[in-house]
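Remarks on the structure that follows.
All values derive from a computational prediction rather than experimental measurement.
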Amino acid sequence: MFTMFGCFGRESCKPVKIRSLHGNRKYGVAAKNLKELIKKSCKLLQAPRGSHRVCLYEDGTEVTEEYFHVLADNVELVLLSDNETWGGSLCGLSQLLSTDRHADRLIQEARKLLTDESAPETRKLLGEILCHLQDNSDQENREDDEGWFKGVNVRFKTKSAYMKYNCESRMRGYLREMADVSKTIKKKKLREEFQAAAELLTDKLKKDKYNGCYFDRTEEEPDRFCTRAGWFTCQGPFDQAACTSFHSINPYGNQESRVVFSTWNLDHMIEKKRAIIPDLLDALCDHKYTDINMDYFYSLLFTRVNLKLVHIVCHKKGQHNLHCEKKNIYKRAIETDKTIKNGKRLRRK
């Protein structure tokens, strides 16, 4: 295919933009073929004698003679000598990212690249990099990072305290949803049993301090989703073992990241509204709440047993088609009695 296009386009000049490896200035050049382009570019950039080649500025792909004829007009290229390499527009940034000694220079270079409107994907990536670079995650107290606390109630004096509250608020939201369900139950006995079950869950959640430890970086590692520095990693969709897009964020770093983190979800793998609460209601139709294994339902509603922290892109809102384990719904004694009544024998492991 390259050969076909090359044959049709050899007589006309192709306009491109050329730059040297270490220079920031770009020059317009028109050439009929790759050989002519290299010759003109060497003269224009005052390149030293020797053999040279040309690569795409954006991703470092080397331009061959055939590839030259299918390049887009005004594409940006880099002239390289034999001993020079170019890995793409993020190559220089990658080198700088290997150390934290050049943060200011990195921010400057990233902003410069953001002006390149011809590379929207690169601009998006660089925007995210800039957000992470403006990082004050090592600061914890309000007086040390006032910008992070913009819009946050003055009662919160540390970042960890606010993040802990953020997680607690999500857990309280699940309790409110159960209260809303209670209002829709018409049968008085069932409603009373459900309310009693909800109160038991509430007491247990209060005892566990609403599991706010999940977002608190000062907590011990088994109890928190984040690293000690405050980095959270997406755990991927409910039906995958991990996030293939490697989403990560540090809401402790700056205000923007803190706000963006609010769009991340604590996703119930076994769904709260489609499975957990309906199965609890079904169980309460024939049993008292004291007969139900409420520890199991608590783990599904409020703990990491059934919760995955996911980036909004990895949050699948369609039906999960996962259900509560029937063997775990009732307390063991009740389950045993029910099995015996049905004339079945329990199989012991």
Side-chain angles (χ1 to χ4, degrees), residues 58-59 87-91 93-94 97-98 100 106 110 119-138 148 159-160 162-164 166-171 173-174 211-276 299-324:
E58 182 170 351
D59 62 13
S89 58
L90 294 181
C91 177
L93 292 177
S94 298
L97 282 170
S98 64
D100 60 0
L106 181 52
E121 292 183 358
T122 300
R123 295 178 69 201
K124 180 178 182 297
L125 177 59
L126 288 171
E128 294 178 358
I129 290 176
L130 276 175
C131 179
H132 294 318
L133 284 172
Q134 295 165 346
D135 182 280
N136 290 319
S137 58
D138 57 330
W148 192 92
K159 295 178 180 179
S160 297
Y162 176 77
M163 292 300 297
K164 184 175 182 179
N166 182 291
C167 188
E168 292 172 355
S169 296
R170 301 192 189 204
M171 298 297 171
Y174 304 154
N211 289 329
C213 56
Y214 292 161
F215 291 177
D216 184 353
R217 66 179 178 179
T218 66
E219 292 286 347
E220 294 303 317
E221 187 171 0
D223 298 324
R224 52 181 161 85
F225 277 99
C226 61
T227 67
R228 183 65 72 186
W231 281 96
F232 290 82
T233 300
C234 175
Q235 297 178 311
F238 76 94
D239 54 355
Q240 295 181 18
C243 173
T244 58
S245 298
F246 305 103
H247 296 124
S248 62
I249 191 171
N250 189 343
Y252 287 86
N254 52 64
Q255 183 201 17
E256 183 178 351
S257 294
R258 171 176 64 78
V259 173
V260 171
F261 183 70
S262 65
T263 66
W264 284 48
N265 294 277
L266 279 174
D267 187 25
H268 289 83
M269 291 179 283
I270 299 176
E271 295 174 280
K272 178 172 70 272
K273 292 183 178 180
R274 291 188 175 124
I276 302 174
S299 69
L300 295 183
L301 286 167
F302 304 110
T303 78
R304 297 180 67 172
V305 169
N306 190 48
L307 289 171
K308 293 184 84 173
L309 181 68
V310 296
H311 185 281
I312 189 171
V313 173
C314 290
H315 185 206
K316 295 184 178 180
K317 295 184 178 180
Q319 192 164 351
H320 293 187
N321 291 318
L322 295 176
H323 304 281
C324 299

Does the side-chain contact (heavy atoms from CB on, under 4.5 Å) test come out yes or no for E271 and F238, once each step is laid out? CA-CA 10 Å; E271 295 174 280; F238 76 94; over 6 Å; no
Could you go step by step and tell me if F225 and L266 meet the side-chain contact (heavy atoms from CB on, under 4.5 Å) rule? CA-CA 11 Å; F225 277 99; L266 279 174; 4.0 Å; yes
Before you tell me yes or no, could you show the steps for R258 and K159 under side-chain contact (heavy atoms from CB on, under 4.5 Å), namely the whole-Å CA-CA distance, both residues' side-chain angles and the distance that decides it to 0.1 Å? CA-CA 10 Å; R258 171 176 64 78; K159 295 178 180 179; over 6 Å; no
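Note that SG of C213 and CZ of R304 are 8.5 Å apart. Values are rounded to the nearest 0.5 Å. Distance check: H247 NE2 to W264 CH2 gives 7.5 Å after rounding to the nearest 0.5 Å. For the atom pair CG of D216 and OH of Y252, the computed distance is 5.0 Å after rounding to the nearest 0.5 Å. With values rounded to the nearest 0.5 angstrom, K308 atom NZ is found 9.0 Å from C314 atom SG. With rounding to the nearest 0.5 Å, the separation of NZ in K316 from CG in N265 is 14.0 Å. Between the CD1 atom of I249 and the OG atom of S257 there is a distance of 5.0 Å, given to the nearest 0.5 Å.
The shortest distance between side-chain heavy atoms of H320 and H268 does not fall below 4.5 Å. For the pair M171/L307, a side-chain contact is recorded, criterion being any heavy-atom separation below 4.5 Å from C-beta on. Put simply, the side chain of L301 reaches to within 4.5 Å of the side chain of K272, judged on heavy atoms. With a 4.5 Å cut-off on side-chain heavy atoms, S245 and V313 do not count as touching.
For the residue pair P237 and A242, the shortest heavy atom distance occurs at CD-O, 4.3 Å.
Judged by the 6.0 Å and 45° rule, R170 forms no cation-pi pair with F215.
For Q319, the CD atom counts as densely surrounded, since its 6.0 Å shell holds more than 12 non-hydrogen atoms of other residues, nucleotides or ligands.
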